S.K.: 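Mind looking over this structure? Questions follow.
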Amino acid sequence: MAWQQPMDGSHASGSKVAAADGPGTQRTQYPYVTGTSVIALKYKDGVIMACDTGASYGSTLRYKSVERIKAVGKHSLIGASGEFSDFQEILRYLDELTLSDHMWDDGNSLGPKEVHSYLTRVMYNRRNKFDPLWNSLVLGGVKKGPKGEEKYLGMVNMIGTHFEENHIATGFGNHLAIPILRAEWCEDMTFEEAVKLVEKCLLVLLYRDRSSINKFQIAKITTEGATIYPPYSLKTHWGFAAFENPSKGAVGSW
Amino acid sequence: MSSIGTGYDLSVTTFSPDGRVFQVEYATKAVDNSGTVVGIKCKDGIVLGVQKLVTSKMMLEGSNRRIHSVHSHSGLAAAGLAADGRQIVSRAKSEAASYEKVYGEPISVKELADRVASYVHLCTLYWWLRPFGCGVILGGYDRDGPQLYMIEPSGVSYKYYGAALGKGRQAAKTEIEKLKLPNLTCREGIVEVAKIIYGVHDEAKDKAFELELSWICDESNRQHQKVLCYSFVHIFVS
């Protein structure tokens, strides 16, 4: 699977050269259990994030009830696509971070911008050691800043590329969902409008991304806190004439 | 007061002829001269209170933190040399974090108390280290319910229903013994601890003080939280 190899040719010279922990050891070369796209966008009250609850083992849709969006502290949500075990490790780092932040008890708490910055450092430093955390992470949240309630949405991927935007999509979402979001996103959408837009993107991904499943979770983060809604399915339509009788018009039996 | 250890008190690695380690006893004196620290175990949690003697009128209210969170489920209040207390808190936090890293679950209060006690005891075994000049009251809420431990400069650690350290510890312990702890909720407990600390404060001898309170109980979702106590000033002044 050529697309799974990092494109910078590092696998050519081999991480065997770069590995500092001894001869005969290798670092992460490719992911095993992966989650597909995550979509997120800013709306009136905060940020909305959605993804499916599937984790694939290569081409097999192995795990169908996986939560790929989690709350971080009081002000943020993190969503991940890519290697699921690396996401679990990242959640552990974030737990340590939020606990030590909580114990300061100084009236401050980590906001989404700070968490995003932290994750960017972690991802970039791992990539520099040729031992990446094989994820694309989406970080969204709301926190009171000097200019009032500030909504924040950003992403960081396995090579450390990071940016902030009004709408984010990872994996196949980059190709299928971003065009829709660019055309139809607008400032200060209501929650219902935002859900409709997100569902439109999720539906396209469901039809066209082979590793997506029809079981989604939507999550939102507002000043009141994080809410991760229970999973649900979207209605799909397969009643097209070509599907009904696929071999009509085909010559012969093959 | 107690006997002078002439000659046997120069090092923590020297016993006296009557089997005492004077350096550890002197360390305990540092604790006995500090502001009172009280901890009680109520039926639904723990309450910790500290009488923070204000050394200077210039000091900002709310500074000089004496009760620290060691983990989300436990708090630690130190009596004695404040800087030594911070070191113990730092060690306790790192023990709790490393336990969770290895075992995947939050450290039990008993295990935490054991580790803090071992660390305090460690510093009484070598001549190049001095004992900690502080006693510590550790309160936490885990699977086995709320628990209260007190660790002294010698490194002994016992589990208590109620414990007190510092200048007013005798008076405080008498007051605690009067309380019916198994029937007390933490909400009532906070008021009792505040009363005890105000009670042991000697207006003539001591200067002004600030009350620092915290609790870990069912109401706080088993999280260690500081309790804001401006309201108490009104209760006692009136």
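Not measured: the values here are computed from a predicted model.
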S.K.: Using side-chain heavy atoms (C-beta onward) and a distance below 4.5 Å, is L99(A) in contact with S72(B)?
M.R.: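 Result yes, sub-4.5 Å side-chain heavy-atom pair found.
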S.K.: Side chains of E96(A) and E100(B): closer than 4.5 Å at any heavy-atom pair?
M.R.: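 Side-chain contact under 4.5 Å: no.
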S.K.: Using a 4.5 Å cut-off on heavy atoms from C-beta on, say whether the side chain of H68(B) contacts that of M103(A).
M.R.: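 Contact flag for M103(A)/H68(B) side chains = no.
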S.K.: Check this for me: Y229(A), atom OH, are more than 12 non-hydrogen atoms of other residues, nucleotides or ligands nearer than 6.0 Å?
M.R.: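 Counting other residues, nucleotides and ligands, OH of Y229(A) exceeds 12 neighbours.
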S.K.: May I ask you to check whether over 12 heavy atoms, not counting those of H102(A), lie within 6.0 Å of atom NE2?
M.R.: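 It does: H102(A) NE2 has more than 12 such atoms within range.
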S.K.: Surrounding NZ of K173(B) (heavy atoms of other residues, nucleotides or ligands, distance under 6.0 Å), is the total greater than 12?
M.R.: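 Count over threshold, so yes.
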S.K.: With chain A as the partner, which of S69(B), G75(B), G62(B) has the greatest number of non-hydrogen pairs under 4.5 Å?
M.R.: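 Most heavy-atom pairs under 4.5 Å with chain A: S69(B).
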S.K.: Please check if atom NZ in K43(B) has more than 12 non-hydrogen atoms from other residues, nucleotides or ligands closer than 6.0 Å.
M.R.: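 Atom NZ in K43(B) is crowded, with more than 12 foreign heavy atoms closer than 6.0 Å.
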S.K.: Would you indicate whether Y119(B), at its atom OH, is surrounded by more than 12 heavy atoms from other residues, nucleotides or ligands within a distance under 6.0 Å?
M.R.: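 More than 12 within 6.0 Å, yes.
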S.K.: So which of K226(B), H224(B), R65(B) has the biggest tally of heavy-atom pairs under 4.5 Å with chain A?
M.R.: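 Heavy-atom pair counts peak at R65(B).
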